[in-house]
Amino acid sequence: MTTPQHTIGSGFGATSTAEEVLRGVDLGGKLAVVTGGYSGLGLETTRALAHAGARVVVPARRPAVAEEAVAGIEGAAGRVEVDELDLGDLDSVRAFAERFLATGRDIDIMIDNAGIMACPETRVGPGWEAQFATNHLGHFALVNRLWPAIERGGARVVSVSSAGHRLSPIRWDDMWFERDYDKWQAYGQAKTANVLFALHLDALGKDAGVRAFALHPGGILTPLQRHLPKEEMVALGWIDEDGNLINTSFKTPEQGAATQVWAATSPQLADAGGVYCEDCDIAEPADEDDFKGGVRVYATDPEQAARLWKLSAELTGVDAFATAG
């Protein structure tokens with residue numbers, strides 16, 4: 001039974017760090033895959049998991065940059081490896097998955113962390129809107145292709161969404177923004193897709209011991225904002241004219257990585273799955289006019305989740321559960 005969307009009193013909160021939620025957790029002998037695990041929240045996630053003893057595979061669009069970044073993680077020598085992956089290119093997704101599966105290793109933790117935000121209108125593949133294609137479809141194809149290793153490991157799959165999911169449900173009538181492109185609505189739709197993906201994956205995988213979670217990491221200044229002009233971030237109240245952070249609700253990268261690490265490892269979630277988390281706890285449902293926290297009802301709708309899964313499988317040509325009845 002899927003855990004309901006209600007807080008459980010985890011004992012952690014918005015200011016908890018990834019290292020703090022892993023205190024006392026031994027990940028020795030575990031293998032984690034963290035997409036984009038070399039920048040921003042991803043790097044902090046890789047650092048925390050490696051320090052707890054896990055071996056971390058970091059698929060990266062820019063392998064050379066990733067190698068340099070992870071080499072700076074103290075005390076993790078030999079526990080972090082980099083491979084090449086472009087989530088916007090399904091051929092690249094297939095190639096990475098084939099290389100990984102050829103090693104015969106199991107996956108204990110899968111964190112779909114990489115993503116793009118509020119970018120100019122960009123098309124990839126057969127004309128797909130880039131944020132939906134990269135943030136959702138790339139990860140959908142990746143998890144389905146890696147399913148043999150994920151299933152053997154009884155993994156937790158963590159889909160990094162955002163409070164931005166409240167900006168848009170799935171636009172079934174114009175998913176690709178073929179009419180009027182809006183960078184924030186496109187981001188919102190992609191982040192809603194991340195939540196729905198975890199919901200349906202959990203329903204499909206829980207009998208095999210695989211559980212899935214989605215989450216909002218919090219507001220954090222990272223390279224994710226690379227497409228936003230300074231003027232826009234000033235207008236949003238994030239930074240001042242000199243580029244200094246002024247929004248007191250923003251987290252540090254160490255705090256921002258905490259919820260995904262908590263979802264991936266916490267024994268408090270041992271019998272849970274399919275839920276959306278924030279601030280190292282399960283989130284409450286959010287009203288339509290509430291932008292302060294929680295998850296929108298449309299992002300936790302099992303029917304929409306199943307519909308999105310079916311469409312994603314048709315678009316990518318991959319579905320690990322196609323013969324499951």
Side-chain angles (χ1 to χ4, degrees), residues 2-3 5 8 10 12 16-18 21-22 25 27 30-37 40-50 52 54-59 85 87 106-115 135-136 138-140 142-144 146-147 149-151 153-163 165 190-206 208-218 220 224 253 255-283 295 299-300 305:
T2 299
T3 302
Q5 277 295 153
I8 59 173
S10 70
F12 300 108
S16 299
T17 67
V21 302
L22 280 173
V25 176
L27 297 180
K30 303 292 187 181
L31 186 141
V33 176
V34 183
T35 64
L41 304 186
L43 180 59
E44 292 305 326
T45 298
T46 297
R47 187 192 318 277
L49 294 174
R55 182 167 188 84
V56 186
V57 177
V58 177
L85 170 67
L87 288 164
D106 301 344
I107 295 174
D108 301 284
I109 296 169
M110 177 85 207
I111 302 183
D112 297 337
N113 165 84
N135 298 351
H136 169 61
H139 281 122
F140 176 90
L142 179 63
V143 168
N144 276 275
L146 290 175
W147 180 252
I150 290 171
E151 182 179 26
R156 286 195 192 178
V157 179
V158 178
S159 180
V160 181
S161 179
S162 166
H165 82 272
K191 295 290 103 177
T192 291
N194 291 153
V195 187
L196 292 171
F197 167 71
L199 177 62
H200 200 64
L201 177 63
D202 188 77
L204 293 171
K206 62 184 178 181
V210 175
R211 305 311 301 259
F213 303 86
L215 63 97
H216 168 48
I220 311 102
L224 184 65
Q255 293 167 340
T259 302
Q260 57 209 62
V261 169
W262 178 77
T265 64
S266 175
Q268 294 172 307
L269 295 172
D271 298 317
V275 291
Y276 172 93
C277 305
E278 62 186 2
D279 294 337
C280 301
D281 207 329
I282 297 174
V295 59
T300 57

Once rounded to the nearest 0.5 Å, what's the spacing between atom [atom1] of [X] and atom [atom2] of [Y]?
X      : Y      : atom1 : atom2 : result
Leu22  : Thr265 : CG    : OG1   : 4.5 Å
Arg55  : Asp108 : CZ    : CG    : 13.0 Å
Ser16  : Asp281 : OG    : CG    : 10.0 Å
Leu201 : Arg211 : CG    : CZ    : 10.0 Å

Heavy-atom pair with the smallest gap, counting every atom of [X] and [Y]:
X      : Y      : result
Ile282 : Trp262 : N-CH2, 4.0 Å
Lys191 : Ser161 : O-OG, 2.7 Å
His136 : Asn194 : CA-ND2, 3.9 Å
Ala264 : Ile111 : CB-CD1, 4.0 Å
Gly37  : Thr46  : O-OG1, 2.7 Å
Tyr276 : Leu215 : CE1-C, 3.9 Å

Please step through side chain to side chain contact (heavy atoms under 4.5 Å, CB included) for the pair Met110 and Thr35, ending with a clear verdict. CA-CA 8 Å; Met110 177 85 207; Thr35 64; 4.3 Å; yes

Qualifying residue for side chain to side chain contact (heavy atoms under 4.5 Å, CB included) with Val34, from Asn113, Leu41, Val261: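 Only match with Val34 under side chain to side chain contact (heavy atoms under 4.5 Å, CB included): Asn113.
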
Testing Pro217, Ser10, Cys277, Ser266 for side chain to side chain contact (heavy atoms under 4.5 Å, CB included) with Thr259, which one passes?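 Of the listed residues Pro217, Ser10, Cys277, Ser266, the side chain to side chain contact (heavy atoms under 4.5 Å, CB included) partner of Thr259 is Cys277.
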
What's the verdict on side chain to side chain contact (heavy atoms under 4.5 Å, CB included) for Val160 and Asp112, showing C-alpha distance, side-chain angles and the deciding distance? CA-CA 6 Å; Val160 181; Asp112 297 337; 5.8 Å; no

Under 3.5 Å donor-acceptor, [X] side chain and [Y] backbone:
X      : Y      : value
Asp106 : Gly153 : no
Arg156 : Ala263 : yes
Asn144 : Phe140 : yes
His165 : Ser162 : yes

From CA spacing to verdict: side chain to side chain contact (heavy atoms under 4.5 Å, CB included), Leu43, Arg47: CA-CA 6 Å; Leu43 180 59; Arg47 187 192 318 277; 3.9 Å; yes

Does Asp279 form a side chain to side chain contact (heavy atoms under 4.5 Å, CB included) with Phe12? I'd like the steps, not just the answer. CA-CA 7 Å; Asp279 294 337; Phe12 300 108; over 6 Å; no

